[in-house]
> 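Right, I'll just put the structure down here and ask away after.
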Amino acid sequence: MAELETQPEPKQKTIGAGQAYLLVAVPAPLGSEVLSSTIEKLSQAASRLSLSCPLLLAVPGEEALEEPVEMEAASHTNLPLRYVTYTQPATDAAATPWLANTATQRSIFSLANKIGIRSCTVLGTDVGFNRDLLTPEKLSLFMGPGVEGNFDLVMPLYSMQAFDDLLNKSILYPLTRALYGHRVRYPLANELQASSKLMQKFPANFEKDSVRQQGRLLWLATTAVNQNLKICQVQLGARRPQGHEGIELSDALAQLAGPLFTDMEDNAAFWQRVRGSHDVPTFGNAEVASGATDTVDVRRMIEAFELGVRNLREIWSLVLPPVTLMEVKKLSRLTPDTFHMPDALWARIIYDFALAHRLRNIHRAHLFGALTPLYLGWVASYAVEVNAAGIAMAEERVEQLARAYEAEKPYLLSRWRWPDRFHP
């Protein structure tokens, strides 16, 4: 591994202001082995690219260092190294991992805007990122579209197991696709590359905007689409999903779906004009997720769904139209082996909850508690189908669901524009 040695404070040499950089944010502090190995891979990746600007590292530190400083590395690392530091906001990552990721991204973007860079590549936001999967080949593939292709947002495509990342498969991906018309598979990925044009759409000082931004996530693809910027995706292979062990499912739904519903309100004038969806340019070869995936026992999920049908009808009636309530009740009569929630029904349920979030029909904390048994019903239905058809069917099921969201979008438009017409 390359041994890094930062110069003593009195001998630090700063780089003149006004130079454009390609910023690479690595969630590893100075002197760490993780940073050393990542620098070696960056050096090899840089040799594959036609870089017109020097690379600048951004690493976490106790205090923000906004003036780029030279860094020494082992002689066999031929990458000219300069670094700045960003602070990691005091957010409880164990309780709110997605908000912690967003807070770190805001800190990195704030630093990038102050420095003035051409593009920013974020290789994760926490020290647990899987650096072994980011080979020099994948790093050059990931950085290439922004460096050589002038894309404003580069998002990753991962290979995941059939039962991983179900919140993204069931809500985040199909909803953002239906709303904004771009098929960005992981709209909340930790790895990304953003151009200066995209980052300038965010405040230079997020701290001054902390009240309005509280609880918000960075929906970069949404912003890029609204600004007519160029988006692409890159195949990065296998990645473990960001877990939420120890977090209540209703809290996870509130932390993920809630900010997306808020984003819907902010951009309603835009997405109401969007019809259909299209692929975005994709680079690299898809990989098959390794390892066998066991079938899932759905009985407890169906029991939770049936309990919701018995106990939450009064609350659901504040959110769901009568015809939807009838369809949900019919599902509770199915056996575990035949349990099936139609994609169109699930899409309308999410649209109804997004509208209730906007209208505040019930307290938002209770709203996601009411959504939880319905979500478990969708997971059970998905699991029954995948168990029966085989793991290879999982990707097609996600695609079918996304198409159902698009087909049901007129329902959303009608409810959004004239909510009283459909409300009981």
Side-chain angles (χ1 to χ4, degrees), residues 163 166-172 174-175 244 247-258 260-261 295-389 397-398 400-402 404-405 407-408 411-412 414-416 419-424:
F163 297 110
L166 292 180
L167 277 171
N168 184 67
K169 291 176 179 176
S170 62
I171 301 176
L172 305 187
L175 181 54
H244 46 81
I247 301 176
E248 292 290 336
L249 179 55
S250 59
D251 291 337
L253 285 166
Q255 292 177 31
L256 288 169
L260 182 52
F261 292 166
T295 58
V296 173
D297 188 348
V298 301
R299 286 175 295 181
R300 293 184 63 181
M301 290 184 284
I302 293 177
E303 288 173 0
F305 171 79
E306 293 172 344
L307 184 63
V309 172
R310 292 195 298 269
N311 297 338
L312 295 176
R313 182 175 180 84
E314 184 176 347
I315 295 177
W316 284 350
S317 67
L318 300 175
V319 178
L320 304 174
V323 64
T324 300
L325 288 171
M326 289 180 60
E327 291 185 65
V328 168
K329 187 174 181 180
K330 290 179 182 177
L331 295 182
S332 66
R333 301 170 185 157
L334 300 177
T335 64
D337 292 339
T338 61
F339 189 85
H340 171 69
M341 179 181 289
D343 289 342
L345 174 61
W346 174 246
R348 292 197 305 272
I349 287 172
I350 294 301
Y351 288 152
D352 288 329
F353 271 79
L355 180 66
H357 187 272
R358 172 196 176 198
L359 299 178
R360 291 176 170 80
N361 292 343
I362 62 176
H363 193 281
R364 287 179 174 178
H366 301 313
L367 183 71
F368 293 102
L371 178 59
T372 300
L374 293 166
Y375 170 77
L376 289 173
W378 177 86
V379 174
S381 176
Y382 169 83
V384 168
E385 292 187 60
V386 172
N387 288 344
R397 283 299 298 117
V398 175
Q400 290 175 10
L401 179 62
Y405 268 79
E408 294 299 322
Y411 172 85
L412 169 65
S414 297
R415 290 223 61 195
W416 195 273
D420 293 337
R421 181 181 301 178
F422 293 87
H423 204 277

> Give the minimum heavy-atom separation between L401 and P174, together with the two atoms involved.
CD2-CG, 4.4 Å
> Go through the steps for Y351 and Y405 under the test side-chain contact (heavy atoms from CB on, under 4.5 Å), then give the verdict.
CA-CA 9 Å; Y351 288 152; Y405 268 79; 3.7 Å; yes
> May I ask you to decide if the ring planes of F368 and F261 are parallel, tilted or perpendicular, using 30° and 60° as cut-offs?
parallel
> Would you please test L371 and I350 for side-chain contact (heavy atoms from CB on, under 4.5 Å) and show each step?
CA-CA 9 Å; L371 178 59; I350 294 301; 4.2 Å; yes
> Any idea which heavy atoms bring A383 and V298 closest together, and the distance?
CB-CG1, 3.6 Å
> Side chains of Y382 and M341: closer than 4.5 Å at any heavy-atom pair?
no
> Going by the ring pair (Phe, Tyr, Trp, His ring centres under 6.0 Å) test, which pairs reach into residues 312-339, not counting sequence neighbours?
F305-F339
> Within the distance-only criterion (no hydrogens, no angle test), does the side chain of D251 pair as donor or acceptor with the backbone N or O of I247 below 3.5 angstrom?
no
> Measure the CD1-CG distance between I362 and L367 for me, rounded to the nearest 0.5 Å.
4.5 Å
> N168 and side-chain contact (heavy atoms from CB on, under 4.5 Å): which single residue from I171, L166, L172 fits?
L172
> How would you list all residue pairs meeting side-chain hydrogen bond (donor to acceptor under 3.5 Å, both in side chains) that involve residues 336-345, not counting sequence neighbours?
T335-T338, H340-E385, D343-R397
> At what distance, to the nearest 0.5 angstrom, does NZ of K169 lie from CZ of F163?
8.5 Å
> Could you tell me if the side chain of L359 sits less than 4.5 Å from the side chain of P419, heavy atoms only?
yes
> Whether the side chain of R348 engages the backbone of L412 through a donor-acceptor N/O pair (distance < 3.5 Å, no angle test) should be reported.
no
> Does any part of the side chain of L331, heavy atoms only, come nearer than 4.5 Å to the side chain of L345, both counted from C-beta?
yes
> Looking only at non-hydrogen atoms, find the nearest pair between S332 and E306 and report the distance.
O-OE2, 3.4 Å
> Walk me through it: do S170 and V379 pass the test side-chain contact (heavy atoms from CB on, under 4.5 Å)?
CA-CA 8 Å; S170 62; V379 174; 5.9 Å; no
> Which heavy-atom pair separates A304 from P373 by the least distance, and what is that distance?
O-CB, 3.6 Å
> Looking only at heavy atoms, which two atoms of V296 and N387 are closest? And how far apart?
O-ND2, 2.9 Å
> Could you tell me the separation between the OG atom of S414 and the CG atom of L355, rounded to the nearest 0.5 Å?
11.5 Å
> Going from CZ on R360 to CZ on R364, what distance comes out if it is rounded to the nearest 0.5 angstrom?
3.5 Å
> What's the shortest heavy-atom distance between P336 and V384, and which atoms?
O-CG2, 3.4 Å
> Answer whether the closest heavy-atom distance between the side chains of L249 and L376 falls below 4.5 Å.
yes
> I349 and W378: side-chain contact (heavy atoms from CB on, under 4.5 Å), yes or no, with the steps?
CA-CA 11 Å; I349 287 172; W378 177 86; over 6 Å; no
> Strictly distance-based, threshold 3.5 Å: is any side-chain N or O of S250 a donor or acceptor partner for the main-chain N or O of G369?
no
> With a 4.5 Å heavy-atom cut-off, do S317 and L325 have their side chains touching?
yes
